[in-house]
Amino acid sequence: MSQTLKPLLPGSTLGVLGGGQLGRMWAHVAQRMGYNTAVLDPDAHSPAGLVSHHHIHTDYLDLAGLKQLATVCQAVTTEFENVPADALAQLAATLPVSPAASAVAVAQDRAREKAHFVKCGVPVAPHAVIDTAEQLAAVNDHLLPGILKTSRMGYDGKGQLRVTTRDELNAGWAKLGSVPCVLEKMLPLASECSVIVARGRDGEMVNLPVQRNLHRDGILAVTEVFAGNVPEALANQAITAAKAVAQELNYVGVLCVEFFVLADGSLVVNEIAPRPHNSGHYSQDACDVSQFELQVRTMADLPLTQPRLHSPAVMLNLLGDLWFANANAEQVEPAWQQVLALPGTHLHLYGKREARVGRKMGHLNVTAATPEAASVVALQAAAILGIAPF
Ligand code: ATP
Ligand code: MG
């Protein structure tokens, strides 16, 4: 920790752009550490706004809203990856903003993101940038079958189409509105993993352990973290790559780097999120320092210490589907009391007023003394809730 940074001490007000669940969990931690919080989000019922000292309900680019945020806060972060980079740049004129608009702008654009990975020497999926009809026509056949992804604004598998033939590719680009896209070759995935790093303004970096992730329908379903969840050499490779990606962006804040593990055991970087990530939620109950505390520490220029995983953990995402898991398709509250009767279960719900299929409503962290025990309890919880076994 450099001597020159003057930390923002508890009692200060920290702000976040975006009022979703990530902002809510960040606000809980900031408040636990003695900070006041401010949330800017257009939705009057946003999960983070509901629990924050200040809630500014304006659009992200509303000048009056941004000014108000800058007036009440001493530092600002973001929890929403599609927050306009301009809003961050605007705020940075008067107060510390982390991550910087320049780093968020890279994460917001798949084409720039891929170029950044290449620059860092980290392997990426074979791909082509498709901004124009000419680029579409020039796509090499070896990228098919592939996944066509909009360059901007995608999340949870939205803005993506699987395409097998050139006809499907052409139709797919039209279906996505002929907006700038990236076509990625469909890779044979053996598994997926991610790494969360936190980097301070002084360049100090720490990381959470490698997370093994299971996606269903393009949405994260399960994260498992324990020693040996991925082979050690692969884990080290992922951590080194994630740190290089953060370093090269001169990143300040919490960054998640997602990877594919291919059938031949090799590692390919998928994408980055310039904020805490769903795959890091287990750290709330299984690590001595969570990803949200790392976010608070980086934005307040507090020291970073290497987090320690103290319990093997399994995280189950709780999607809105679970509210409709009964036979007559009526909305029914899941059986939390049965789940909480299992040892080591930690329920996190985001306070969203309406359950919808595919909507992230909460997550369940399961911690135990051994990976086997965590897995047994997580499978029992999944069975109670109507989540398919994994
Ligand atoms: P999120 O923001 O929730 O992480 P996203 O909408 O940005 O998701 P991606 O991470 O690009 O989407 O893709 C979602 C999932 O689709 C991946 O986690 C992976 O399971 C699968 N997938 C994406 N690209 C490929 C690929 N090139 N080959 C094989 N599978 C892929
Ligand atoms: Mg992803």
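Counting convention: from 1, in listed order, for ligands and their atoms alike. Hydrogens, waters and symmetry mates are skipped; everything else that's a heavy atom, side chains included, is used. Here the structure is a predicted model, which means the values were calculated and not measured.
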query: Side chains of Asn140 and His142: donor-acceptor distance under 3.5 Å anywhere?
result: yes
- prompt: Are Asn278 and Lys360 close enough that a side-chain donor and a side-chain acceptor fall under 3.5 Å?
  reply: yes
message: With a 4.0 Å cut-off on heavy atoms, is Gln160 in contact with ligand 1?
response: yes
- prompt: For ligand 1, which atoms have a heavy atom of Asn270 less than 4.0 angstrom away?
  reply: 9 (P), 10 (O), 11 (O)
message: Judged on heavy-atom distance to atom 20 (O) of ligand 1, which of Arg216, His215, Glu192, Arg110 sits nearest?
response: Glu192
statement: Nearest heavy atom to atom 21 (C) of ligand 1, choosing from Arg162, Lys185, Glu271, Met186, belongs to Arg162
field: Between Thr367 and Asp285: side-chain donor-acceptor atoms closer than 3.5 Å
entry: no
query: Between His277 and Gln291, is any side-chain donor less than 3.5 angstrom from a side-chain acceptor?
result: no
query: Purely on distance, is any nitrogen or oxygen of Glu258 under 3.5 Å from one on ligand 1?
result: yes
- line: Quick note on ligand 1: atoms under 4.0 Å from a heavy atom of Leu189 include exactly 29 (C), 30 (N)
query: Under a single-linkage definition using a 4.5 Å side-chain heavy-atom cutoff for Ile, Leu, Val, Met, Phe, Trp and Tyr, are Leu69 and Leu95 assigned to the same hydrophobic cluster?
result: yes
query: Can you check whether Lys149 has an N/O within less than 3.5 Å of an N/O in ligand 1?
result: yes
query: Does an N or O from Leu187, backbone or side chain, lie closer than 3.5 Å to an N or O of ligand 1?
result: yes
query: Do other residues, nucleotides or ligands put more than 12 heavy atoms under 6.0 Å from Gln337 CD?
result: yes
